[in-house]
Number of protein chains: 2
Amino acid sequence: MLNLEESPARLFAALGDATRLGLIKRLSNGAEQSIAQLGEELPISRQAVAKHLDVLQSVGLVRRTRRGREVLFVLEPKTVAQARRWLTQVSAQWDDALGRLKMFVESQP
Amino acid sequence: MLNLEESPARLFAALGDATRLGLIKRLSNGAEQSIAQLGEELPISRQAVAKHLDVLQSVGLVRRTRRGREVLFVLEPKTVAQARRWLTQVSAQWDDALGRLKMFVESQP
DNA sequence: CTTTTATGCAACCATATGGTTGCTGATTAA
DNA sequence: TTAATCAGCAACCATATGGTTGCATAAAAG
């Protein structure tokens with residue numbers, strides 16, 4: 001897996017597509033699903049779906065398993081959590097900064 | 001502001017670039033900063049920085065204010081929180097699914 | 001008033017991205 | 001065994017993206 005800690009950009013980029021977000025949402029029900037299944041309701045070709053899944057796998061958002069002739073995909077919630085953590089840190093730093101500003105203002109005579 | 005609730009894809013796409021993540025991190029200290037300031041340490045042209053800031057503003061991640069001849073940018077933590085919320089929901093749905101699976105397995109004779 | 005500073009606008013360029021189609025190979029079903 | 005299903009590979013295409021340069025404008029500083 002790539003180093004997402006120091007470069008979450010690729011991870012967010014993988015999330016930055018409506019089709020891929022849909023796939024993730026669909027996979028978040030916990031079920032393993034094949035490429036054909038995942039593409040059933042989508043208005044794009046199977047190959048397009050496969051490419052999207054490749055992108056998701058390349059950043060570790062999904063894991064693939066072969067079973068016979070089909071390939072099953074499952075969500076990797078740890079990677080979702082990594083993205084969440086980055087945003088949480090930004091929010092926390094923001095809150096800290098505002099807190100310090102408030103303290104400074106209140107300490108003025 | 002665009003409707004991010006039903007289409008967080010554009011929001012994640014805006015986060016999907018290392019330069020923009022750097023800008024966000026830099027802005028998370030709470031200080032308003034100009035385009036020139038934000039681009040000081042970056043190895044790209046001022047126009048490139050301005051374009052990145054346009055992207056961030058177009059999804060509501062930053063807000064711009066004009067002061068004299070310069071334009072100041074400030075982080076919009078509410079939008080960061082929106083992205084975080086989407087990821088949280090995916091995680092929660094995943095946890096629910098696993099919980100139901102566990103209950104089902106344990107209820108088997 | 002002249003110069004510097006900070007930004008905006010527009011054209012341009014190379015590459016990435018999201019999509020397609022056609023063909024091939026392997027596995028399951030009839 | 002033959003037919004249907006699921007996936008992989010490769011080429012191709014249009015548009016988006018991230019970057020550049022050159023010139024213009026407005027405000028602050030000298």
Side-chain angles (χ1 to χ4, degrees), chain A residues 2 4 6-27 31-75 83, chain B residues 2 4 6-27 31-75 83:
Chain A
L2 77 162
L4 292 169
E6 70 172 311
S7 156
R10 283 191 59 198
L11 175 51
F12 284 119
L15 294 168
D17 178 279
T19 301
R20 288 196 288 269
L21 285 188
L23 291 171
I24 288 180
K25 216 167 193 174
R26 178 153 180 177
L27 284 168
E32 285 188 327
Q33 288 165 80
S34 71
I35 298 179
Q37 278 180 306
L38 288 166
E40 262 168 5
E41 312 260 319
L42 298 178
I44 58 178
S45 70
R46 176 183 55 81
Q47 276 80 358
V49 177
K51 279 193 188 181
H52 282 301
L53 289 167
D54 279 349
V55 172
L56 292 177
Q57 194 213 359
S58 75
V59 299
L61 276 167
V62 302
R63 200 157 24 92
R64 66 192 298 155
T65 322
R66 181 129 224 160
R67 191 178 59 189
R69 77 182 150 184
E70 54 187 5
V71 173
L72 299 179
F73 286 86
V74 64
L75 189 67
Chain B
L2 78 162
L4 293 170
E6 70 172 311
S7 157
R10 283 189 59 198
L11 174 50
F12 284 119
L15 293 168
D17 178 279
T19 302
R20 288 196 289 268
L21 285 188
L23 292 172
I24 288 180
K25 214 164 193 177
R26 178 152 180 177
L27 284 168
E32 285 189 326
Q33 288 164 80
S34 71
I35 297 179
Q37 278 180 304
L38 288 166
E40 262 169 4
E41 311 259 319
L42 298 178
I44 57 180
S45 70
R46 174 183 57 82
Q47 276 81 356
V49 177
K51 279 193 186 180
H52 282 302
L53 289 166
D54 279 350
V55 172
L56 291 177
Q57 194 214 359
S58 76
V59 299
L61 276 167
V62 302
R63 200 157 23 91
R64 64 194 301 156
T65 323
R66 181 128 224 160
R67 191 179 57 189
R69 77 182 148 180
E70 56 188 5
V71 174
L72 299 179
F73 286 86
V74 65
L75 190 66

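The sequence lines fix the lettering, A, B, ..., with proteins before strands; numbering per chain opens at 1. Below, each value reflects all heavy atoms present in this structure, side chains not excepted, and no hydrogens, waters or symmetry copies.
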Q) Is the distance from OP1 or OP2 of C:dT20 to the nearest side-chain N or O of A:Ser45 less than 4.0 Å? A) yes
Q) Does a donor on one side chain and an acceptor on the other come within less than 3.5 Å for A:Arg26 and A:Gln33? A) yes
Pairs under 3.5 angstrom, nitrogen or oxygen only, protein versus nucleotides 24-30 of chain C, please.
unit_1: C:dT27; atom_1: O2; unit_2: A:Arg69; atom_2: NH1; d: 3.1

(Q) Measuring only between side-chain heavy atoms, which start at C-beta, is B:Arg63 closer than 4.5 Å to B:Leu72? (A) no
Q) Salt bridge or not for A:Arg10 and B:Asp17, using N-O below 4.0 Å? A) no
Q: Give the rounded distance in Å between these two atoms: CG of B:Leu72 and C1' of D:dA27.
A: 14 Å
Q. How many angstroms lie between CD in A:Glu40 and CD1 in A:Ile35, if you round to the nearest 0.5 Å?
A. 13.0 Å
Q | With B:His52, the side-chain contact (heavy atoms from CB on, under 4.5 Å) member among B:Val62, B:Leu38, B:Thr19 | A | B:Thr19
Q: Figure out the CG/P separation between B:Leu23 and D:dG19, and round it to whole Å.
A: 10 Å
Dump every N/O contact between nucleotides 8-10 of chain C and the protein below 3.5 Å, one line per pair.
unit_1: C:dG8; atom_1: OP1; unit_2: B:Arg64; atom_2: NH2; d: 2.8
unit_1: C:dG8; atom_1: N7; unit_2: B:Arg46; atom_2: NH1; d: 3.4
unit_1: C:dG8; atom_1: O6; unit_2: B:Arg46; atom_2: NH2; d: 3.2
unit_1: C:dG8; atom_1: O6; unit_2: B:Gln47; atom_2: NE2; d: 3.3
unit_1: C:dC9; atom_1: N4; unit_2: B:Gln47; atom_2: NE2; d: 3.2

Q | For atom CD of B:Gln33 and atom P of C:dA6, their distance in whole Å | A | 14 Å
Q: Report the distance from atom CD of B:Gln57 to atom C1' of C:dT7, rounded to the nearest whole Å.
A: 14 Å
Q: Using a heavy-atom cut-off of under 4.0 Å over every strand shown, decide if A:Ala36 touches base, sugar-phosphate, or nothing.
A: sugar-phosphate
(Q) From NE2 of A:His52 over to C1' of D:dA7, roughly how many Å is that when rounded to an integer? (A) 17 Å
Q: Starting from P on D:dT17, measure out to CZ on B:Arg10 and report it in whole angstrom.
A: 9 Å
Q.
I need the single residue from A:Leu61, A:Leu53, A:Leu23, A:Thr65 that forms a side-chain contact (heavy atoms from CB on, under 4.5 Å) with A:Phe73. Which is it?
A. A:Leu53
Q) In Å and rounded to the nearest 0.5 Å, what is the CZ to OG distance from B:Arg69 to B:Ser34? A) 10.0 Å
Q. Separation of A:Asp54 atom CG from D:dA7 atom P, in whole Å?
A. 12 Å
Q) Checking side chain to side chain contact (heavy atoms under 4.5 Å, CB included) for the pair A:Val74/A:Leu27: CA distance, chi angles, key distance, verdict? A) CA-CA 6 Å; A:Val74 64; A:Leu27 284 168; 5.8 Å; no
Q. To the nearest 0.5 Å, how far apart are CZ in A:Arg20 and CG in A:Leu56?
A. 6.0 Å
Q. C:dA6 P sits how many Å from B:Gln37 CD, rounded?
A. 9 Å
Q) Taking only N and O in the side chain of A:Ser34, is any of them less than 4.0 Å away from OP1 or OP2 of D:dC6? A) no
